[in-house]
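This report refers to the structure that appears directly beneath it.
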Amino acid sequence: MSFVSHVECTVCGHRHDPKRLLTVCERCGQMLAARYDLGRVEAAVTKDALRRRPPGMYRFRELTPLDEREEPVTLGEGSTPLLALPRLAAHLGMRRLWAKDEGQNPTGSFKARGLGMAITRSRTLGARGFVLPSAGNAGGAAAVYAARCGLPCAVIVPRGTPAAAIAEALIAGAHVFTIEGSIATAGKVVGKVAPQLGWFDLSTLKEPYRLEGKKTIGLELAAELGWRMPDVLLYPTGGGTGLVGIPKAYEELRAMGWISGALPRFFAVQAEGCAPVVKAFADGAENTAAWENPTTHAAGLRVPSPFAGRQMLRVLRDTRGGAVAVSETAIQDAQRLVARVEGIWTAPESAALVAALTVLRDRGDVTRDAEVMLVFTGIGFKYDPPPLAPPIDLAGSDEEILAQVRRAVGA
């Protein structure tokens with residue numbers, strides 16, 4: 001038995017049968033979300049029982065869509081470290097600063113959670129193969145989990161997608177195609193190709209279960225902070241699955257009485273060259289509009305037409321949060337700063353959060369006393385590094401080499 005009661009449209013409320021292979025709402029074409037019998041969940045599991053379970057995102061099994069005996073397609077995703085950032089906090093003049101380091105997932109990014117869950121559930125419900133557009137990490141993760149369960153996968157990415165992400169998909173046996181344009185261009189091709197192939201379309205939030213995988217970030221954060229929530233949460237926003245999923249987790253835990261109080265103030269962070277959520281928020285719009293000519297080296301932020309724009313804006317406004325865009329230079333500077341003061345080489349999407357926190361602090365949107373959570377969505381090794389000074393080439397006698405080293409380190 002599953003603890004899912006039904007799958008519901010997030011706009012019109014129409015209920016769908018969770019035993020069917022679902023994409024978007026059959027009535028209005030909007031995003032679907034799984035709903036749970038939370039009374040049964042509360043009766044079936046306790047906080048103490050959770051603590052005794054093995055690590056990984058499936059320790060929260062009752063709040064996932066899995067059937068009773070359904071075996072997940074897994075590589076051990078989840079249970080990523082929650083890292084205190086005291087040196088970065090001191091540098092920024094903040095008191096309490098945390099990072100949830102999703103780069104330590106099996107595929108090097110938070111995409112492992114969502115794609116692992118989506119592929120698990122759609123395989124159970126009859127999917128014979130998968131096809132999806134990707135800006136990078138999603139395609140690699142989908143390919144890996146498809147390989148793990150022995151099903152074919154096709155990935156369509158924009159030209160200029162990070163080479164490591166393409167390599168990850170190729171080495172896992174996926175059919176990888178590149179196309180001129182953005183992930184929105186790739187998505188249009190997927191929409192036509194998937195039904196022709198008879199494979200399942202895994203596009204962001206166009207099926208209900210990637211959201212349930214990303215939701216586990218919120219479940220873990222609640223448990224790691226002793227069943228409470230931070231004051232502020234910053235999220236790098238492309239497709240925005242986690243920006244919708246983390247508050248969903250908090251709402252479910254709050255309905256069960258496991259946490260209490262107001263949700264964190266959520267802030268969406270985007271790049272100046274592709275900021276549809278930031279613009280819609282500033283304009284007071286109900287939904288995002290397509291961003292023309294998206295440009296940013298942070299591939300995960302290069303999403304001009306997020307499918308869940310309406311849902312993301314609702315989260316930002318309901319939690320009294322906001323949205324901020326940062327420059328390419330600010331992202332690169334922040335990437336070097338985080339590595340220098342905390343030893344974390346995080347992805348540019350994640351570094352954008354640090355650049356944004358500086359902006360939010362300076363304009364008074366986030367106070368210095370606030371407890372702030374940063375969701376570091378991926379590892380920096382999968383991207384070209386920011387501009388760096390070259391290493392120093394040592395040469396000469398032992399005395400000359402020693403002198404060069406001493407000069408360089410200031411000794």
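Bear in mind the structure is a predicted one, so any value in this text is a computation, not a measurement.
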Can you tell me how far the CD atom of Q270 sits from the CD atom of E349, to the nearest 0.5 Å? 12.0 Å

Inspect the surroundings of CG in D384 and state if more than 12 heavy atoms from other residues, nucleotides or ligands are less than 6.0 Å away. no

Would the number of heavy atoms belonging to other residues, nucleotides or ligands and lying under 6.0 Å from CZ of R159 be above 12? yes

Walk me through it: do L234 and L360 pass the test side chain to side chain contact (heavy atoms under 4.5 Å, CB included)? CA-CA 10 Å; L234 273 63; L360 293 170; 4.1 Å; yes

Would the number of heavy atoms belonging to other residues, nucleotides or ligands and lying under 6.0 Å from CG of L394 be above 12? yes

Name the residue from R368, R96, R265 that meets the salt bridge (Lys or Arg N to Asp or Glu O under 4.0 Å) definition with D231. R96

Pair E68 + R61: basic N to acidic O under 4.0 Å: no

Measure from the side-chain N and O atoms of S134 to the backbone N and O of G139, and report whether any donor-acceptor pair falls under 3.5 Å. yes

Begin with the C-alpha distance, continue with both residues' side-chain angles, and end with the deciding distance and a verdict on salt bridge (charged side-chain N to carboxylate O under 4.0 Å, His left out) for R121 and E70. CA-CA 9 Å; R121 198 73 194 116; E70 186 175 4; 2.7 Å; yes

Rounded to the nearest 0.5 Å, how far apart are CG of L115 and OG of S122? 9.5 Å

Take R113 and E220 through the salt bridge (charged side-chain N to carboxylate O under 4.0 Å, His left out) test and state the conclusion after the steps. CA-CA 12 Å; R113 294 180 188 261; E220 287 182 16; 2.9 Å; yes

Heavy-atom neighbours of K188 NZ exceed 12 at 6.0 Å: no

List the residues meeting side chain to side chain donor-acceptor pair (under 3.5 Å) with T74, not counting sequence neighbours, and say none if there are none. E77

Carefully, step by step, assess F177 and V157 under the rule side chain to side chain contact (heavy atoms under 4.5 Å, CB included). CA-CA 6 Å; F177 306 88; V157 301; over 6 Å; no

Charged tip of K100 within 45° of F376 ring normal and under 6.0 Å: no

Enter the distance from D67:CG to T64:OG1 here, rounded to the nearest 0.5 Å. 9.5 Å

Working to the nearest 0.5 angstrom, can you tell me the gap between Q104 CD and L83 CG? 6.5 Å

Let me see the working for E102 and I217 under side chain to side chain contact (heavy atoms under 4.5 Å, CB included), right down to the final yes or no. CA-CA 9 Å; E102 290 292 290; I217 298 174; 3.8 Å; yes

Between V366 and M94, does the side chain to side chain contact (heavy atoms under 4.5 Å, CB included) criterion hold? Intermediate values first, please. CA-CA 10 Å; V366 174; M94 307 294 295; 3.9 Å; yes

If you measure from CD1 on I379 to OG1 on T346, what distance do you get to the nearest 0.5 Å? 8.5 Å

Can you confirm whether R320 is buried at CZ, in the sense that more than 12 heavy atoms of other residues, nucleotides or ligands lie under 6.0 Å from that atom? no

Qualifying ring pair (Phe, Tyr, Trp, His ring centres under 6.0 Å) pairs with a residue from residues 250-288, counting only residues at least two apart or across chains: W227-W258

Roughly how far apart are T161 OG1 and I183 CD1, rounded to 0.5 Å? 8.5 Å

Salt-bridge test for E252 and K215: reply yes if a basic N is under 4.0 Å from a carboxylate O, no otherwise. yes

Result of checking K248, R314, Q311 against T10 for side chain to side chain donor-acceptor pair (under 3.5 Å): Q311

